[in-house]
Amino acid sequence: RAKWSRYWLVDPLDGTREFIAKNGEFTVNMALISEGRPILGVVFAPALDLLYAAAEGAGAWREQFNERKPIAVRAWPEQPMLMLSRAHPEPDAASRLHRLAPYDTTAVGSSLKYCRIAEGSADAYPKFSRIHYWDTAAAQCVLEQAGGVALALSDFMPLRYPPDSDLRTPEFIAVGDPQRDWRSLLVA
């Protein structure tokens, strides 16, 4: 796989703990990666009959109960909503996010965190630990096509998915408003 320029990433069950808890916040994720970038993404939450999808150049959309509508991120509000992981809490998140205050938080499972940002109902999802490519790539495509970005905290460049790595992301923040100076807001 180290030489693949195009490949599929599939996660048949993102949010195992949510699936076991029967809270509906688990997804099936599929992404097509080309030259290290997600160019097609599908996130399906079967228990919610909710689908998010995007393709490079075609935008992003949400489908629920056979109703399809385009989605887009929102501008950074005075009091943003930050998405946190329900199954994997980040104990030091508050200390690392103090410059974004005041903000509200909500815990959500699986890649739905990205999708909430993409549809404009939330503003950021910080992840201060490494997770697997298949947990983020499909939802990153949806977010990017809706106008947002997922930035590696190591260099504040968009997350990439080279096939010759250990298949884990660096620490990152997914945001709806890419115009803010995220480096100054998150680096002490």
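Atoms considered below: every heavy atom in the structure, side chains included; atoms not considered: hydrogens, waters and symmetry mates. Here the structure is a predicted model, which means the values were calculated and not measured.
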Undergrad: Examine Leu82 and Leu153 and state if one hydrophobic cluster contains both, with Ile, Leu, Val, Met, Phe, Trp and Tyr joined whenever side-chain heavy atoms are less than 4.5 Å apart.
TA: yes

Undergrad: Are any of the side-chain heavy atoms of Lys113 and Ser85 separated by less than 4.5 Å?
TA: yes

Undergrad: Look only at the side chain of Gln145 and the backbone of Gly57, and say whether a donor-acceptor pair between them is shorter than 3.5 Å.
TA: yes

Undergrad: What's the separation between atom CG in Asp123 and atom CD in Gln79, rounded to the nearest 0.5 Å?
TA: 10.5 Å

Undergrad: Report whether Leu9 and Val43 are members of the same hydrophobic cluster (ILVMFWY, side-chain heavy atoms less than 4.5 Å apart, transitive linking).
TA: yes

Undergrad: Quick one: pull up CD in Glu25 and CZ in Arg17 and give me the separation to the nearest 0.5 Å.
TA: 14.0 Å

Undergrad: In terms of heavy-atom contacts, does OH of Tyr103 have more than 12 from other residues, nucleotides or ligands at under 6.0 Å?
TA: yes

Undergrad: Among the clusters formed by ILVMFWY side chains lying less than 4.5 Å apart, do Ile33 and Val10 turn up in the same one?
TA: no

Undergrad: Identify the heavy atoms of Trp76 and Asp177 that sit nearest to each other, and give their distance.
TA: N-OD2, 3.2 Å

Undergrad: Within the 4.5 Å heavy-atom criterion, are Tyr133 and Leu159 side-chain neighbours or not?
TA: no

Undergrad: Could you walk me through whether Leu13 and Phe26 pass the side chain to side chain contact (heavy atoms under 4.5 Å, CB included) test, one step at a time?
TA: CA-CA 7 Å; Leu13 182 57; Phe26 60 92; 3.7 Å; yes

Undergrad: Could you state the interatomic distance from CG (Leu186) to CG (Leu100), rounded to the nearest 0.5 Å?
TA: 5.5 Å

Undergrad: Mind checking whether Phe172 and Pro170 have side chains closer than 4.5 Å, heavy atoms only?
TA: no

Undergrad: Can you confirm whether Arg116 sits close enough to Val108 that some side-chain heavy atom of one is under 4.5 Å from a side-chain heavy atom of the other?
TA: yes

Undergrad: Show the nearest heavy-atom pair for residues Arg86 and Ala107, with the distance to one decimal.
TA: NH2-O, 2.9 Å

Undergrad: Show the nearest heavy-atom pair for residues Thr169 and Tyr161, with the distance to one decimal.
TA: CG2-CE2, 4.4 Å

Undergrad: Apply the test side chain to side chain contact (heavy atoms under 4.5 Å, CB included) to residues Asp135 and Tyr114: give CA-CA distance (whole Å), side-chain angles for both, the deciding distance (0.1 Å), then the verdict.
TA: CA-CA 10 Å; Asp135 294 319; Tyr114 267 89; over 6 Å; no

Undergrad: Tell me whether the guanidinium CZ or amine NZ of Arg96 lies under 6.0 angstrom from the six-membered ring centre of Phe128 and within 45° of its axis.
TA: yes

Undergrad: Taking all heavy atoms of Ala139 and all of Cys115, pick out the closest pair and write down the distance.
TA: CB-SG, 4.4 Å

Undergrad: Give a yes or no on whether the backbone of Leu185 and the side-chain of Arg99 come within a donor-acceptor separation of less than 3.5 Å.
TA: no

Undergrad: When you group the ILVMFWY residues by side-chain heavy-atom contacts below 4.5 Å and let the links chain together, are Trp134 and Leu40 in the same group?
TA: no

Undergrad: Is any side-chain heavy atom of Arg74 less than 4.5 Å from a side-chain heavy atom of Met81?
TA: yes

Undergrad: Are Gln140 and Arg160 packed together at the side-chain level, in the sense that at least one heavy-atom pair is separated by less than 4.5 angstrom?
TA: yes

Undergrad: What I want to check is whether the side chains of Ser111 and Thr27 have a donor and an acceptor closer together than 3.5 Å.
TA: yes

Undergrad: Any idea which heavy atoms bring Ala138 and Met30 closest together, and the distance?
TA: CB-O, 3.2 Å

Undergrad: Without swapping roles, check the side chain of Asp14 against the backbone of Ser110 for a donor-acceptor pair under 3.5 Å.
TA: no

Undergrad: Nearest 0.5 angstrom please: Asp11 CG to His132 NE2, how far?
TA: 10.0 Å

Undergrad: Would Val149 and Trp182 count as a side chain to side chain contact (heavy atoms under 4.5 Å, CB included) here? Give the steps.
TA: CA-CA 11 Å; Val149 67; Trp182 293 105; 5.6 Å; no

Undergrad: When rounded to the nearest 0.5 angstrom, what distance separates SG in Cys141 from CG in Leu32?
TA: 8.5 Å

Undergrad: Among the clusters formed by ILVMFWY side chains lying less than 4.5 Å apart, do Val42 and Leu50 turn up in the same one?
TA: no

Undergrad: Any chance you could measure Gln64, atom CD, to Leu48, atom CG, to the nearest 0.5 Å?
TA: 7.0 Å

Undergrad: Of all the heavy-atom pairs spanning Ile39 and Arg6, show the shortest one and how long it is.
TA: CD1-NH2, 3.7 Å

Undergrad: Would Leu143 and Tyr125 satisfy side chain to side chain contact (heavy atoms under 4.5 Å, CB included), going step by step from the backbone distance to the final call?
TA: CA-CA 11 Å; Leu143 176 63; Tyr125 164 44; over 6 Å; no

